[in-house]
Amino acid sequence: MRWSKLFIPTLREVPAEAEAPSHKLLLRAGYVRQIASGIYVYLYLAQRSFLKITRIVREEMDAIGAQEFYMPALNPAELWQESGRWDQVGQIMFRLKDRNQRDLCLGITHEEGMTDIARRELRSYRQLPQIWYQIQEKFRDEPRPKSGLLRMRQFIMKDSYSFDLDPAAMEVSYKKHYDAYCRIFERCGLKYKIVEASSGAMGGKLSHEFMVLSDAGEDWVVLCSCGYAANREKATSRPSPVEDDSSQHSPEPFPTPGQRTIEDMVKFTGEVAARFIKSLLYVAEDKPVLLLLRGDRQLSESKLAEVLGTDVFRPATPEEAERYLGGPLGFVGPVKLKGVRILAEAGLEGRRNMISGANQKDTHLRYVTPGKDFKAEYHDLHEVVDGDICILCGLRLKVSKSIEIGHVFQLGTRYSDTMGARVLDRAGKQVSLYMGSYGIGLERILTAAIEQNIDADGTALPASVAPFEVILTVTNMEIAALREAGDKLYEEMRSRGIDVLYDDRDERPGVKFKDADLTGVPYRLTLGRKKFEKGLTEILDRSTREMTDVRIERAAGELETRRLRPG
RNA sequence: CGGGGCGUAGCGUAGUCUGGUUAGCGCGCCUGCUUUGGGAGCAGGAGUUCGUCGGUUCGAAUCCGGCCGCCCCGACCA
């Protein structure tokens with residue numbers, strides 16, 4: 001393509017709306033324009049990148065026997081009411097009415113649509129397994145779209161769904177996807193981690209996320225050098241050891257005027273935070289729940305939701321504390337409580353002679369021993385923090401920010417049961433299909449690739465996702481010999497199938513170099529006057545900045561060679 | 001939804017506190033000449049309902065109120 005004929009609106013200055021590095025780059029390099037919060041236009045360069053990413057995704061999905069469909073984004077409410085998600089998903093779904101006041105929605109994913117086809121068409125185990133996928137727009141009314149293409153209200157997803165006879169077969173389909181995802185992300189040139197994830201409201205058990213470590217991301221992953229890797233919502237850790245007084249005592253009140261927080265009490269008593277029982281009163285579905293954590297730990301509300309089986313809960317108000325505990329917030333504790341469910345983090349089991357609130361103003365208790373002085377249900381409730389101990393190897397864990405680029409779920413029969421997707425098995429019995437669902441966010445692949453390769457001048461994209469493979473830059477189009485050599489080289493590269501962007505604009509060299517750096521195209525082939533007179537052109541590797549002079553007639557061949565061994 | 005910030009030409013911004021000529025500057029854009037290896041120079045030129053609606057005032061980008069939009073932090077995130 002000749003740049004002089006293209007629309008690539010690069011900017012010298014970053015629009016004030018952009019904060020995340022990839023967002024700034026996408027705007028400056030002329031890839032995208034925003035039309036509303038979380039809604040973007042993909043201009044020529046972005047679209048070219050997406051076509052390349054899409055092609056990689058297609059090839060790898062097709063390679064595991066997946067069949068491409070295209071589902072409507074516009075769905076009737078009935079489908080979602082049958083699965084129960086019409087009520088379950090809440091405000092994240094865009095809902096609308098047609099002219100006859102019938103409820104419709106825009107799909108957030110397509111379990112319902114795919115399961116609907118499956119239940120209508122699949123009759124026999126002989127038709128299994130099936131893997132169906134699509135590459136299509138998803139709509140989500142996010143509470144807060146952010147960071148350019150990282151969290152949008154409309155985005156492109158590759159989503160696939162597997163249908164199998166039993167759990168073992170489902171695992172085979174799951175593994176196929178897992179492996180295909182690895183190949184996709186490798187081909188896209190991404191450095192990624194695979195972590196155990198919680199499946200959230202999707203239902204199902206086993207789930208993995210594919211994550212690219214990046215400060216621009218919004219998910220937290222917990223990693224250990226031994227290989228342990230989990231989403232923070234799911235991750236667990238061992239408590240670091242604490243010395244407790246092991247002698248026999250009974251709880252004993254002592255005055256602590258005005259000492260409401262763990263921090264206050266650490267200063268007041270001189271004991272370390274881990275010696276305290278942090279007691280949080282919550283109200284879950286109108287019932288009080290007392291949550292106990294080690295003084296130096298934070299509650300993970302996602303884990304709490306899993307334990308409670310609901311996400312309808314909140315911290316109690318001061319009035320509620322008085323009502324349920326008989327004492328004010330700040331002096332809450334588990335001893336001698338009646339009528340309040342007590343959940344404790346597992347790390348409190350076996351501890352002795354700790355300090356807790358006494359449910360009485362300005363009073364705490366010492367010598368509180370879990371199990372002896374109060375009974376609790378023990379669960380994994382704490383949020384893992386940097387430096388916690390790995391449950392597998394005992395080393396320190398690291399918590400890192402990351403971008404979620406893919407997610408695979410084993411759904412089991414959650415949708416086939418609710419929607420009635422069954423087939424006859426070998427024995428002629430009706431059985432629910434075992435499903436999996438698998439998603440890749442296409443914009444996040446591009447965003448992650450940009451973030452991973454960003455530098456002061458722009459970005460250096462992997463060739464597989466860059467909008468072009470090469471930019472051919474002629475430094476001065478007014479010099480006829482140079483221009484003619486450029487035209488000739490351009491035609492030669494095109495005839496060899498090299499994806500080349502020919503910068504034939506009547507601009508000064510500086511402008512062309514700056515623009516080339518911005519776009520992230522992996523190679524720049526420069527035709528400049530001095531070297532041209534010696535029959536030379538130069539190849540610049542955008543990522544390493546390495547410059548190589550080659551004879552003009554060999555340049556196209558050299559680029560082909562490099563394409564075969566990228567990186 | 002809670003907290004914070006912002007809205008002036010395509011982009012970046014000054015001016016707003018303390019109301020008063022024709023709303024200023026840089027980049028970009030158009031024309032001409034010069035220039036051509038890291039965002040050129042000179043000359044001329046076009047482009048703004050100052051987010052929007054209302055109020056105060058002789059007079060509003062500026063003061064007051066409503067609304068809309070965008071960004072950030074948090075909540076939230078199938």
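Order of the sequence lines sets the chain letters (A, B, ...), proteins ahead of strands, with each chain counted from 1.
When both pairing distances are held under 3.5 Å, rU35(B) makes no Watson-Crick or G-U pair with any nucleotide shown. Partner assigned to rG28(B) is none, using Watson-Crick or G-U wobble distances below 3.5 angstrom. Base pairing of rG59(B) is not made with any nucleotide, judged by Watson-Crick or G-U wobble geometry with both donor-acceptor distances under 3.5 Å. Pairing for rC70(B) is with rG5(B), a Watson-Crick or G-U wobble pair whose two hydrogen-bonding atom distances lie under 3.5 Å. The partner of rU16(B) is absent, by the rule that a Watson-Crick or G-U pair needs both atom distances under 3.5 Å. For rA46(B), there is no paired nucleotide, since no Watson-Crick or G-U wobble pair has both relevant distances below 3.5 Å. Pair check for rA78(B) finds none; no Watson-Crick or G-U wobble contact set falls under 3.5 Å.
Within 4.0 Å of Asp515(A), counting heavy atoms only, lies at least one base atom of the nucleic acid. Among the atoms of the strands shown, only primed sugar atoms or phosphate atoms (P, OP1, OP2) are found under 4.0 Å from some heavy atom of Val89(A). No contact: Met152(A) has no heavy atom under 4.0 Å from any strand. Among the atoms of the strands shown, only primed sugar atoms or phosphate atoms (P, OP1, OP2) are found under 4.0 Å from some heavy atom of Ser147(A). The residue Gln91(A) sits apart from the nucleic acid: no heavy atom pair falls under 4.0 Å. Residue-level contact check: Ala16(A) touches the backbone only, with heavy atoms under 4.0 Å from sugar-phosphate atoms and none from bases. At the heavy-atom level, Leu518(A) lies under 4.0 Å from base atoms of the strands shown. Within the nucleic acid shown, Thr475(A) comes within 4.0 Å of at least one base atom, counting heavy atoms only.
The separation between Lys146(A) atom NZ and rG4(B) atom C1' is 15 Å, rounded to whole Å. Taking atom CD1 on Ile8(A) and atom C1' on rC11(B), their separation rounds to 18 Å, with Å as the unit. In this structure, Arg12(A) atom CZ and rA40(B) atom P are separated by 6 Å, rounded to whole Å. Distance Glu507(A) CD to rA40(B) P: 8 Å, rounded to the nearest Å. The distance between atom CZ of Arg144(A) and atom P of rG69(B), rounded to the nearest whole Å, is 17 Å. Put simply, CG on Asp455(A) is 18 Å from P on rG38(B), counting in whole angstrom units. Distance CG (Asp219(A)) to P (rC77(B)): 12 Å, rounded to an integer number of Å. Note: CZ (Phe513(A)) to P (rG39(B)) measures 10 Å, nearest angstrom.
On a pure distance criterion of 3.5 Å, a polar donor-acceptor pair joins the side chain of Arg508(A) and the base of rU35(B). For rG26(B), its base sits under 3.5 Å from the side chain of Glu13(A) at one donor and acceptor pair at least. Contact of Asp517(A) with rG38(B) (side chain to base): a donor-acceptor pair of N or O atoms is detected under 3.5 Å. Judged by distance alone, with hydrogens and angles left aside, Arg524(A) brings a side-chain donor or acceptor within reach of the base of rG38(B), the pair sitting under 3.5 Å. For Arg28(A) against rG39(B), a side-chain-to-base donor-acceptor contact under 3.5 Å is present. One N or O donor and one acceptor, one from the side chain of Glu538(A) and one from the base of rG37(B), sit under 3.5 Å apart.
Using a 4.0 Å cut-off between charged nitrogen and carboxylate oxygen, Arg314(A) and Glu320(A) count as a salt-bridge pair. In summary, Glu112(A) and Arg85(A) engage in a salt bridge, as defined by a charged side-chain N under 4.0 Å from a carboxylate O. Ion pairing of Arg153(A) with Glu142(A) is absent here, as no side-chain N (NZ or NE/NH1/NH2) approaches a carboxylate O to less than 4.0 Å. Between Arg524(A) and Asp503(A) no salt bridge is recorded (no basic side-chain N to carboxylate O distance below 4.0 Å). One finds no salt bridge joining Asp417(A) and Arg414(A) here, because no Lys/Arg side-chain nitrogen approaches an Asp/Glu carboxylate oxygen to under 4.0 Å.
Between the C1' atoms of rA14(B) and rC50(B), the separation comes to 13 Å (whole Å). Between rG24(B) and rA61(B), the two P atoms lie 13 Å apart (nearest whole Å).
No more than 12 heavy atoms of other residues, nucleotides or ligands lie within 6.0 Å of CZ in Arg554(A), so this atom counts as exposed by the packing criterion.
There is no side-chain donor-acceptor pair under 3.5 Å between Tyr438(A) and Lys176(A).
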